[in-house]
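This report refers to the structure that appears directly beneath it.
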Number of protein chains: 2
Amino acid sequence: MEPRNKHVTEDCRGVSEILSRIGDKWTVLVVTRLGQGPLRFNEMRRIIGGISQRMLTLTLRGLERDGLVTRTVFPTIPPRVDYELTELGHSLLEPVRVLGDWARQHETCIKASRQRFDGTDEATSASSPPSPMGPRPSA
Amino acid sequence: MEPRNKHVTEDCRGVSEILSRIGDKWTVLVVTRLGQGPLRFNEMRRIIGGISQRMLTLTLRGLERDGLVTRTVFPTIPPRVDYELTELGHSLLEPVRVLGDWARQHETCIKASRQRFDGTDEATSASSPPSPMGPRPSA
DNA sequence: CTGAATCCGGCTTGATACTG
DNA sequence: CAGTATCAAGCCGGATTCAG
């Protein structure tokens, strides 16, 4: 990546990258669950539900790479692997919680806004096909 | 014990959705810039830099749909469109800032961890202790 | 039980060209 | 200036299969 420059935009680039990192489909779920204590692979898989092995592996791997979780292998039979949040991982828990609070707090509002927005189009022209980006009602 | 435990996953689903929303490539940049005041389309385009018309349009459109920004059209020639954060949009600014602070604060740490992770080619020559610190198979 | 490798479909992104 | 339409490329995520 580019070196960190002076401008705000550059700062936000870094932020954006981090957000992309944790903004993917599963990372937040995994981190949050792990925030309640270490878990084994299939425990997580079962608890989270709907995540494939592949995605769980990739998510965990990425988290480990970023130093957010530790991977502990017990060379037993059957094998056992524990995943646990590092200190850094725990520190992420709080910002995520803040965002989570915001999300839950405004979830209804946002969904309502979406329905309003999506419905505005059809209300004016009923026979129009569903366009991915309907026309704007000029203010 | 904690009834909250059972709901965390569901809660996080919603959070995850919101995160996906703002976790895309440009949303955070746009919102942050808009947090400093209303902007016109090409102003933003120029300020952010590297974003295509298409992506800026789509990002703005999504933000508008979610009720986070307002779009004000001035039917002049040449046309002029102002984008501005709504109250809801401003409320998002804070959580984003929190996450942004975290990101900047741990940016170095994370990058270091990545390099460490990518570069770690464990020899495994040492004894594999029965203690939970087994070697990680290289990718 | 944990996880790697493969194939594949879909969404997201981006470049380009055109319109009011 | 602001926005749309279209097309192509790339990444993401899922199902399946194989291995230790």
Side-chain angles (χ1 to χ4, degrees), chain A residues 13 16-17 19-30 38-65 69-84 121 128-139, chain B residues 13 16-17 19-30 38-65 69-84 124 128 132 134-139:
Chain A
R13 286 263 156 71
S16 198
E17 194 198 332
L19 268 170
S20 297
R21 189 80 202 69
I22 70 165
D24 69 4
K25 198 171 179 179
W26 303 108
T27 296
V28 172
L29 290 176
V30 170
L39 287 171
R40 293 225 260 153
F41 189 84
N42 274 348
E43 275 181 333
M44 245 180 289
R45 192 148 126 72
R46 192 182 60 252
I47 289 175
I48 291 177
I51 187 172
S52 62
Q53 282 179 355
R54 172 189 163 83
M55 280 303 109
L56 185 51
T57 300
L58 288 179
T59 302
L60 253 11
R61 178 69 71 141
L63 254 17
E64 187 194 0
R65 192 173 97 102
V69 308
T70 55
R71 181 175 179 271
T72 309
V73 179
F74 298 88
T76 58
I77 295 188
R80 166 183 174 162
V81 182
D82 273 20
Y83 292 92
E84 188 174 12
D121 185 15
S128 293
S131 60
M133 303 196 303
R136 244 50 323 289
S138 302
Chain B
R13 285 266 158 71
S16 198
E17 192 195 332
L19 267 172
S20 298
R21 187 76 203 68
I22 71 164
D24 69 5
K25 198 171 179 180
W26 302 107
T27 296
V28 172
L29 291 175
V30 170
L39 287 170
R40 296 176 58 175
F41 189 85
N42 275 348
E43 276 181 332
M44 247 181 287
R45 193 150 125 70
R46 179 167 29 85
I47 289 174
I48 292 178
I51 188 171
S52 62
Q53 291 118 347
R54 174 189 163 79
M55 279 304 109
L56 184 51
T57 300
L58 287 179
T59 302
L60 253 12
R61 181 67 67 133
L63 254 18
E64 186 193 1
R65 192 172 98 103
V69 309
T70 55
R71 182 175 179 272
T72 309
V73 179
F74 298 88
T76 58
I77 296 185
R80 168 186 174 157
V81 182
D82 273 20
Y83 291 92
E84 187 174 12
T124 321
S128 299
R136 212 179 25 73
S138 59

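Letters go in sequence order (proteins before strands), and every chain restarts at 1. Just so it is clear, the structure is predicted and the values come from calculations on it, not from any experiment.
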_Contact between B:Ile48 and B:Val30 at the side-chain level, heavy atoms closer than 4.5 Å - yes or no?_
yes
_I want to check one thing: is the phosphate of D:dC1, taken as OP1 and OP2, less than 4.0 Å away from some side-chain N or O of B:Tyr83?_
no
*To the nearest Å, how far apart are A:Arg46 CZ and C:dC1 C1'?*
12 Å
*Which nucleotide in the list D:dG3, D:dC1, D:dT4 gets nearest to the side chain of B:Phe41?*
D:dG3
Ignoring hydrogens and angles, write down the donor-acceptor pairs under 3.5 Å from the side chains of residues 49-60 of chain A, residues two or more places apart or on other chains.
unit_1  : atom_1 : unit_2  : atom_2 : d
A:Ser52 : OG     : A:Met55 : N      : 3.3
A:Thr57 : OG1    : A:Gln53 : O      : 2.8
A:Thr59 : OG1    : A:Met55 : O      : 2.6

*Whole-Å distance between C:dC1 C1' and A:Leu39 CG?*
15 Å
_Residues forming a side-chain hydrogen bond (donor to acceptor under 3.5 Å, both in side chains) with A:Arg46, sequence neighbours excluded_ = none
*How would you list, by chain and number, every residue that makes a salt bridge (Lys or Arg N to Asp or Glu O under 4.0 Å) with A:Arg65, sequence neighbours excluded?*
B:Asp118
_Whole-Å distance separating the CG atom of A:Asp82 from the P atom of C:dG3_ = 10 Å
_Residues which pass salt bridge (Lys or Arg N to Asp or Glu O under 4.0 Å) with B:Arg45, listed by chain and number, not counting sequence neighbours_ = none
*Length of the line joining A:Ile48:CD1 and D:dG14:P, which is rounded to integer Å*: 12 Å
*Look at the side-chain N and O atoms of A:Arg45 and state whether any lies under 4.0 Å from the OP1 or OP2 oxygen of C:dC1.*
no
*Nearest-Å distance for atom pair CE/P, residues B:Met44 and D:dC1*: 14 Å
_For A:Asp24, all residues meeting salt bridge (Lys or Arg N to Asp or Glu O under 4.0 Å), sequence neighbours excluded_ = none
*B:Leu60 CG to D:dG3 C1': how many Å, rounded?*
11 Å
_Without decimals, in angstroms, what is the distance between A:Leu56 CG and C:dG3 P?_
8 Å
_When you measure from the side-chain N and O atoms of A:Arg61 to the phosphate of C:dA4, is any distance below 4.0 Å, counting only OP1 and OP2?_
yes
*For each nucleotide in nucleotides 6-20 of chain C, reading 5' to 3', give B when a protein heavy atom comes within less than 4.0 Å of its base, S when such contact involves only the sugar-phosphate, and - otherwise.*
B------BBBB---B
*Calculate, to the nearest 0.5 Å, the distance between atoms CZ and CZ belonging to A:Arg71 and A:Phe41 respectively.*
9.5 Å
